[in-house]
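Here is the structure we will look at, set down as structure tokens.
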There are 2 protein chains.
Amino acid sequence: MRATIRDVAKAAGVSTATVSRVLNKPDMVDPETMERVRAAMERMAYQPSAIARGLSAKRSDTLGLIVPGITDFFFNELYKGIDRASQQNGMRVLLYDSEHSRERALDGFSILGGYQVSGIIFTSKLVTEDYDPILQRVGIPVVLTLTQSEARTPLPSFRIDEVRAMFDVVAFLVTRGHQRIGMIAGRQWDDKTGELRLEGYRKGLRHFGIEYNEELVEYGQYRFDDGYQAMQRLLEKQPNFHMTALCTASDEMALGAIRCLNDNGLHVPEDISVVGFDDLPLARMITPRLTTVAQPFAEIGEAAVSWLVRAVGREPSPSEIGDYLLPHRLVERESVRALGS
Amino acid sequence: MRATIRDVAKAAGVSTATVSRVLNKPDMVDPETMERVRAAMERMAYQPSAIARGLSAKRSDTLGLIVPGITDFFFNELYKGIDRASQQNGMRVLLYDSEHSRERALDGFSILGGYQVSGIIFTSKLVTEDYDPILQRVGIPVVLTLTQSEARTPLPSFRIDEVRAMFDVVAFLVTRGHQRIGMIAGRQWDDKTGELRLEGYRKGLRHFGIEYNEELVEYGQYRFDDGYQAMQRLLEKQPNFHMTALCTASDEMALGAIRCLNDNGLHVPEDISVVGFDDLPLARMITPRLTTVAQPFAEIGEAAVSWLVRAVGREPSPSEIGDYLLPHRLVERESVRALGS
DNA sequence: CCCCTTGATGTCAACGCTTTCATTACTATT
DNA sequence: AATAGTAATGAAAGCGTTGACATCAAGGGG
């Protein structure tokens, strides 16, 4: 049986309260006593029960993280930031995978609530009005990352300016001489990101006086296979292929598209330029190295955690509940070729 | 404030014990009462406190997972299996990232212990004798995945037959006409996997009467950059390059090696064949699709969980504490070229 | 010399559950 | 009709902490 606070107290000849104090408010216990208690703890390999502590103190120093899918390639990067920041604030992270299901996401709030988490980070799925009831009653701060909210409960969100990012991609492509620019956009039932990026694409086109052409646009759900199939459809839609550049809504889809192109005897960037979105670690590993939009995943994770840490235990002021847009960055590598002279 | 069991009890006109029973032993409560209680729960959006439950019942329905690094590419696959199996057994998973540090790994046991986890899954680092003290006193079952133990405390492990797997790779290469086969092996301070795979390589060579040649072997710590640099060194070691095939200890290193080769004007598989190890999702995404050894990550995760579930609350018999070798599989794709006629 | 601080410690009631044990009201057995 | 089971429920004691409050000795100001 593990040693409890009581065992330590007895061994050190003090009360449990004192032991608790050396752990939590060290400056109000006598140095000498402290030493004795510390020694006893050491000797008995005492490890305080986080469970009991959570129950008693009504805080658990734990943050809940709800992700749609653990296998989404960006997860690791985001988690890294969250974990690092949590560490620094003496918090742990409890992970919950909603498996892209709205019901499970909803459940996530209750379940994490059952663990007394001090805050919840919700990721990459649009928050709609049907989240309101749960949001109302969780009673702990919730922040959004890589997404935003359409619910009535005000929620802070940390993300990039999607529209602007994709606009930048188009602008970049245009300065490289491209005019026939296609897109594999993202589309998923509970996702707004896809629309935003598409909007950025159209806006870019418009800004440079290029006409929007349905023929050049296809959709996918962000994963590799979606990219592959979307590219396939794109190829079929225009037998006399004359697109010179392609934007995508995710690096994974970019990979899929490239694979598909290769399978059809087309080369990147010689025959067509491709730009990704996310800047996953693998973007720099493949050949050709992928030109892409870097999302500051780690920073977003850190920002979310520190917001949460600041918010715990008090009602955040309305001015703090903003839509925080972190800077993205276009990373130029090898998958885009400059056209013309 | 969230509703507690007491609130529900009052609302349903029963005692808290009864409410607890409808949750935990539904068959010993009257259907009618049950209905009333259920209704009350529903009405009040009652969510039992996992914390309180854990404290009281001394089990938390939670498994602890210690991984060396969340950004290791295989993590997601392994986690998927673990999460799925946990789900099915009504368990949650608490994640702990040791950041490749032995101290932090050691801490992990205590910390997870503080959360009353019912079992711990330890991953991909060799367990040595210095783990014995903690292992002795955690008092809950521990299983190893993707690694094994050299400690005196007997621990079950779930992994593949590394030696055999790499032997198979060599055999495969030989049947494809390769003789000058190099290797980028894995090496890390607390890792035995690397040695094992190297041993498989040497064994394979020996079996086919090929002489082992230091010149053709380099080491790395499994990541992309390690692979790149190792390849670099390989290239430098033999200016008149005549290696026709390369085994690697990880897909990531294979990617790195391929990248390096490309940067030096060499093509895979035309100029040299490469085989990876792991079969990460990205192995099929890149060009050329990577021929590699598939580790059954998900199955390993599932096996570990079900072992744990079976072991919780009882002393597992020595016969159960085995070194479980799960079947690997050589996945043939496009990165190996058949030599000669 | 007494009273009031102050600092260090102890006491004890929570926290929200589970779980024994006791109680009650039936039903079956003799 | 008396006794023993049995099924459904309640009362209450923890589980390992924390935190409000009480206690106590030592020191300082009047």
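Each chain gets a letter, A, B and so on, in the order its sequence line appears, and its residues count up from 1.
- Distance CE (B:M28) to C1' (D:dT9): 9 Å, rounded to an integer number of Å.
- Counting any heavy atom pair closer than 4.0 Å across all strands shown, B:V14 reaches sugar-phosphate atoms only and no base atom.
- Ionic pairing of B:R159 and B:D323 is present here: one or more N-O contacts between side-chain nitrogen and carboxylate oxygen are shorter than 4.0 angstrom.
- Nucleotide C:dC15 holds its P atom 15 Å from the CZ atom of B:R2, rounded to whole Å.
- One can place CD1 of A:I51 at 14 Å from C1' of C:dT18, the figure rounded to the nearest angstrom.
- Residues B:S56 and A:L23 both approach DNA chain D. Their nearest nucleotides, taken by heavy-atom distance, put B:S56 toward the 5′ side.
- Distance, A:R21 CZ to D:dT18 P: 11 Å, rounded to whole Å.
- Taking 4.0 angstrom as the limit, A:K58 places a side-chain polar atom (N or O) nearer than this to OP1 or OP2 of C:dG16.
- Atom-to-atom, CD1 of B:I5 to P of C:dT19 comes out at 11 Å; the value is rounded to the nearest Å.
- Closest approach to the B:R53 side chain among C:dT19, C:dT18, C:dG10 is made by C:dT18 (side chain taken as heavy atoms from C-beta onward).
- Centroid-to-centroid, the aromatic rings of A:Y131 and A:F122 come within less than 6.0 Å.
- Between C:dG16 and A:Y115, no contact under 4.0 Å exists linking OP1 or OP2 to a side-chain N or O.
- For D:dG19, one of the phosphate oxygens OP1 or OP2 lies less than 4.0 angstrom from a side-chain nitrogen or oxygen of A:K25.
- Donor-acceptor pairing under 3.5 Å is recorded for the side chains of A:Y222 and A:D191.
- The residue B:A57 sits close only to the backbone: its heavy atoms come under 4.0 Å of sugar-phosphate atoms, none of a base.
- An OP1 or OP2 oxygen of D:dG10 is reached within less than 4.0 angstrom by a side-chain nitrogen or oxygen of B:S15.
- Atom pair B:L55:CG and D:dC15:P shows a separation of 9 Å (rounding to whole Å applied).
- The side chain of B:T33 sits closest to D:dT9 out of C:dT18, D:dG16, D:dT9.
- For B:D27 and B:K25, the salt-bridge test fails: no basic side-chain N is under 4.0 Å from an acidic carboxylate O.
- B:S20 comes within 4.0 angstrom of a base, heavy atoms only.
- Straight-line distance from the CZ atom of A:R6 to the P atom of D:dT17: 8 Å, rounded to whole Å.
- Counting any heavy atom pair closer than 4.0 Å across all strands shown, A:G114 reaches no nucleic acid atom.
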Report all side-chain donor-acceptor pairs from residues 137-147 of chain A shorter than 3.5 Å, counting only partners two or more places apart or in another chain.
from: A:T145; atom 1: OG1; to: A:T123; atom 2: OG1; distance (Å): 3.2
from: A:T147; atom 1: OG1; to: A:K125; atom 2: O; distance (Å): 3.0
from: A:T147; atom 1: OG1; to: A:L126; atom 2: N; distance (Å): 3.4

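- Residue-to-nucleotide proximity on DNA chain C shows that, of A:D30 and A:T16, the 5′-proximal contact is made by A:D30.
- Straight-line distance from the NZ atom of A:K10 to the P atom of C:dG10: 14 Å, rounded to whole Å.
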